[in-house]
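Presented below is the structure to which this report refers.
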Amino acid sequence: MPVARPEPQEPRVIAHVDMDCFYVQVEQRRNPALRGQPTAVVQYNDWKGGGLIAVSYEARKFGVKRSMRGDEAKMVCPSINLVQVPVARDKADLNVYRSAGSELVAILSTKGKCERASIDEVYLDLTDAAKEMLLESPPELLELIFEEATKSNILGLPSDIGNREDSVRAWLCRADADYQDKLLSCGAIIVAQLRVKVLEETEFTCSAGIAHNKMLAKLVSGMHKPAQQTVVPSSAVQDFLVSLPIKKMKQLGGKLGSSLQDDLGVKTVGDLLSFAEEKLQEYYGVNTGTWLWKIARGISGEEVEDRLLPKSHGCGKTFPGPKALRNNASVKSWLDRLCEELSERIQSDLNQNKRIAQTLTLHARASKGNECDSIKKFPSKSCPLRYGTGKIQEDAMKLFESGLHDFLGSQNTKWSITSLSVSASKIFDIPSGTSSILRYIKGPNSTVSPANLDCSLPQDPSLGNKLYITPNHEEQCEPSSSEKEDRGKNSNLDKQHQVKEEKRMSKKLTDVKGTCSILKFLSQSSPVVNEKRKLDSLTCSHPGPESSSEPNKAEEHKSAQPFDRNKSNPSGSNSASSSTWMFNVEDIDPAVVEELPPEIQREIHGWIRPPKHSSSKTRGSTISSYFQPAKRS
DNA sequence: ACGGTTAATACG
DNA sequence: TCGTATTAA
């Protein structure tokens with residue numbers, strides 16, 4: 001249910017930018033022959049030509065709809081080009097679209113706060129940029145109003161008289177406009193510039209809405225498509241909303257919207273205006289009631305979050321009809337594939353963005369084989385996420401078995417799974433260089449950046465599972481060729497200093513059984529310390545043979561997996577080390593901890609599970625406070 | 001037993 | 001907190 005947010009006092013300038021038939025544009029860029037042609041993107045085309053997930057505007061003219069199958073599309077538009085979504089591991093692979101999406105974010109995040117709302121949409125808070133523009137080069141003084149901006153659609157502006165662009169230019173430059181409208185004008189110009197930049201740098205067109213809040217911006221971003229933008233002056237809001245069908249409002253496209261229509265006879269947003277806030281609260285609860293009352297008046301306080309990356313990663317697949325999975329082996333084989341993809345994705349998130357996911361969740365849809373009875377839901381299950389493909393696969397299978405157990409209850413009946421998905425959530429940034437353990441290991445005056453810290457397991461298994469943390473210590477770790485190259489760059493380090501550094505860093509953290517997370521060391525990652533499994537959450541597996549052990553038994557986790565700080569990590573300055581090893585704090589030998597200075601000991605103890613019914617105060621420690629998500633008001 | 005896949009949010 | 005439900009693109 002939606003909830004109203006307190007709205008800021010000052011007028012804001014908010015934009016919603018939305019790519020035009022995004023997947024199609026991505027494919028058209030990959031294959032320019034498709035440009036200007038009726039085109040659709042389909043996934044899995046063996047059944048009825050596949051399902052359409054994006055349709056070009058040329059194809060829409062023929063009546064091709066997103067809900068169609070490839071075969072249908074061919075019927076109404078024989079000349080249509082159907083491009084398939086890439087397939088990996090026998091499932092749709094959306095990576096090309098994801099990375100195209102980040103191209104946009106990279107461009108759009110250059111002017112003000114930017115929120116990645118989906119793979120192809122962003123919100124921008126341009127308030128500051130607009131204010132600045134108003135001070136320095138207000139539109140009324142601008143000799144040449146940016147051409148793209150004059151193509152804007154201005155809500156409430158009479159469109160039937162004279163040259164449209166002239167009247168838009170006149171509106172944008174109006175000297176007698178009120179402050180709010182002037183800000184919007186600046187916003188419109190900035191967005192126009194950004195959209196041109198997006199086109200120039202990515203070859204993608206987009207549409208946008210510019211308004212005083214997210215709701216209105218989103219509402220109009222799709223109003224004039226493709227490749228156009230629409231502005232909502234305050235003065236136009238009421239007229240615009242009164243006649244707007246209730247279902248067009250974000251959040252009202254589903255059951256809530258239907259209920260408004262069916263139960264209260266509310267067909268348009270205007271119809272909502274006649275209901276007192278208290279009435280709406282009676283029907284839908286305090287939160288939703290207030291929210292409804294406000295949105296009917298164009299009021300929405302939602303802030304644009306400063307977030308360029310997704311909050312979770314998931315992958316799944318459906319197994320419709322005859323494809324349903326009917327035994328553990330087929331579930332396992334699919335689950336393994338899904339987990340492989342998920343593992344790859346969180347691993348690259350770690351490498352590229354220094355973020356760690358903490359929770360693994362499994363969802364499934366199931367029906368019971370023999371009885372065609374209750375459509376009972378397959379429960380979703382989650383557990384701490386341990387890094388490493390094998391670990392994720394193991395854990396996901398366990399989650400499935402647990403879910404299946406709950407699903408079946410005591411009955412001993414056949415079952416079938418019609419969809420499976422795994423996701424990784426609760427993703428946190430790794431604060432770099434802030435941990436005292438890191439400072440201890442590195443020394444207070446170390447010139448070595450966190451990215452340079454070398455933490456390695458001996459590559460020779462016969463050396464056992466002792467873990468060493470060492471700055472490029474050759475006797476202990478045979479460096480990769482790339483490491484050797486990088487090492488040259490550091491040769492100017494003071495020799496004396498380096499020797500000292502090595503002494504300290506090569507302090508053996510022995511017998512940790514290879515399972516502590518160095519990231520835990522580096523970042524004190526987990527505020528989640530209440531259960532044993534969670535301490536495992538950052539464990540990685542060794543690139544070598546996966547242990548087939550019980551995931552719950554930490555002592556059997558003898559492996560750790562590196563992540564590559566060199567690859568695709570431009571910010572990593574001079575990255576001397578090739579990898580960071582993860583191991584499990586829980587498994588640190590207490591004797592080793594005792595050798596550490598008291599403040600480090602305290603820090604480590606802070607990571608380790610508190611007594612059973614400890615208060616939530618453990619979360620207030622300086623360590624875990626790094627990990628509190630940014631508070632929103 | 002078909003639009004599939006991926007996300008985000010709110011509630012209890 | 002987890003698990004569910006709703007919504008959206």
Side-chain angles (χ1 to χ4, degrees), chain A residues 1-5 16 18-23 40-55 65-73 85 87 91-95 97-98 101 115-121 218 221-222 247-259 284-288 291 302 305 307 309-324 338 341-342 345 358-359 361-363 365 367 372 375-384 399 402-403 406 416 418-427 527-528 530-531 534 616 619 632:
Chain A
M1 293 283 121
V3 172
R5 303 290 178 199
H16 178 255
D18 188 12
M19 303 309 292
D20 307 320
C21 53
F22 186 49
Y23 289 14
V41 174
V42 299
Q43 55 189 5
Y44 306 131
N45 70 351
D46 50 336
W47 193 73
K48 297 190 177 179
L52 271 56
I53 56 177
V55 180
K65 298 269 176 52
R66 270 240 323 266
S67 59
M68 290 178 171
R69 322 290 321 197
D71 292 348
E72 292 175 73
V85 172
V87 170
K91 67 176 288 300
D93 177 4
L94 305 183
N95 277 325
Y97 311 114
R98 281 192 203 99
E115 173 183 335
R116 177 197 191 275
S118 79
I119 197 168
D120 74 332
E121 287 170 277
K218 164 89 181 170
S221 68
K247 290 232 157 198
K248 299 261 183 186
M249 298 290 286
K250 194 183 173 196
Q251 307 271 267
L252 298 183
K255 299 192 178 184
L256 182 53
S258 298
S259 164
Y284 297 108
V286 190
N287 287 344
T288 304
W291 178 81
E302 261 182 289
E305 272 179 74
R307 181 175 54 77
L309 298 168
K311 287 184 171 175
S312 66
H313 302 287
C315 48
K317 182 167 173 61
T318 54
F319 308 96
K323 294 214 170 103
L338 295 173
E341 183 189 322
L342 186 65
R345 285 169 53 195
Q358 292 203 19
T359 303
T361 306
L362 176 131
H363 300 266
R365 286 179 52 184
S367 56
C372 333
I375 313 118
K376 204 175 109 188
K377 294 277 192 303
F378 193 98
S380 69
K381 296 281 172 185
S382 62
C383 72
L399 291 176
S402 152
D406 293 358
S416 68
T418 55
S419 91
L420 275 180
S421 77
V422 287
S423 58
S425 57
K426 309 220 178 92
I427 302 180
V528 196
N530 284 322
E531 71 186 69
K534 292 189 174 167
S616 59
R619 290 170 53 92
R632 285 197 304 143

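Sequence lines set the chain letters: A, B, ... in the order given, protein chains first and strands last, and positions in each chain run from 1. Predicted, not measured: the structure shown is a model, and the values here were computed from it.
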Would you mind telling me which of [options] lies closest to the side-chain atoms of [X]?
X: A:K311; options: B:dG4, B:dT6, B:dT9; value: B:dT9
X: A:P379; options: C:dA5, C:dG3, B:dG4; value: C:dG3
X: A:K381; options: C:dG3, C:dA9, B:dT5; value: C:dG3
X: A:Q43; options: B:dA7, B:dG4, B:dG3; value: B:dG4
X: A:E121; options: C:dA9, B:dT6, B:dG3; value: C:dA9
X: A:N287; options: B:dA8, B:dC11, B:dT5; value: B:dC11
X: A:R66; options: B:dG3, B:dA8, C:dG3; value: B:dG3
X: A:W47; options: B:dG3, B:dC2, C:dT7; value: B:dC2

Non-neighbouring partners of A:K317 that pass salt bridge (Lys or Arg N to Asp or Glu O under 4.0 Å), sequence neighbours left out: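 Partners of A:K317 by the salt bridge (Lys or Arg N to Asp or Glu O under 4.0 Å) criterion come out as none, since no residue qualifies.
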For atom [atom1] of [X] and atom [atom2] of [N], their distance in whole Å:
X: A:F319; N: B:dC2; atom1: CZ; atom2: C1'; value: 14 Å
X: A:D406; N: C:dG3; atom1: CG; atom2: C1'; value: 11 Å
X: A:I427; N: B:dA7; atom1: CD1; atom2: P; value: 9 Å
X: A:Q251; N: C:dA8; atom1: CD; atom2: P; value: 6 Å
X: A:F378; N: C:dT4; atom1: CZ; atom2: P; value: 10 Å
X: A:M19; N: B:dT6; atom1: CE; atom2: P; value: 20 Å
X: A:R69; N: B:dG3; atom1: CZ; atom2: P; value: 7 Å
X: A:K65; N: B:dG4; atom1: NZ; atom2: P; value: 19 Å

Crowding at NZ, A:K247 (>12 non-hydrogen neighbours, <6.0 Å):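 Yes, the 6.0 Å shell around NZ holds more than 12 heavy atoms from other groups.
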Using a 4.0 Å heavy-atom cut-off, does [X] contact any base of the nucleic acid, only the sugar-phosphate backbone, or nothing at all?
X: A:K323; value: nothing
X: A:T318; value: sugar-phosphate
X: A:L252; value: sugar-phosphate
X: A:K317; value: sugar-phosphate
X: A:M249; value: sugar-phosphate
X: A:Y44; value: sugar-phosphate
X: A:R345; value: sugar-phosphate
X: A:R307; value: sugar-phosphate
X: A:K218; value: sugar-phosphate

Verdict with reasoning, A:T418 to A:K323, per side chain to side chain donor-acceptor pair (under 3.5 Å): CA-CA 8 Å; A:T418 55; A:K323 294 214 170 103; over 6 Å; no
Most 5' of A:R365 and A:C315 on DNA chain B, judged by nearest nucleotide: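 Looking at DNA chain B, the more 5' nearest nucleotide goes with A:R365.
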Nearest-0.5 Å distance that lies between atom CZ in A:R365 and atom CZ in A:F319: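 Reported value, rounded in 0.5 Å steps: 12.0 Å.
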Rounded distance (nearest 0.5 Å) linking atom CG of A:L399 with atom NE2 of A:H363: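 With rounding to 0.5 Å, CG (A:L399) is 10.5 Å from NE2 (A:H363).
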Close side-chain approach of A:V55 and A:K65, heavy atoms under 4.5 Å: no
Interatomic distance at C1', B:dG4 relative to C:dT7, whole Å: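 Straight-line distance between the two C1' atoms is 16 Å.
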Euclidean distance for P, C:dA9 against B:dC2 (whole angstrom): 23 Å
Please state whether the phosphate of [N], meaning OP1 or OP2, lies under 4.0 angstrom from any side-chain nitrogen or oxygen of [X].
X: A:K91; N: B:dT6; answer: yes
X: A:K426; N: C:dC2; answer: yes
X: A:S382; N: C:dG3; answer: yes
X: A:S312; N: B:dA8; answer: yes
X: A:R98; N: B:dT6; answer: yes

Criterion salt bridge (charged side-chain N to carboxylate O under 4.0 Å, His left out) against A:E121, the qualifying member of A:K250, A:K218, A:R116: A:K218
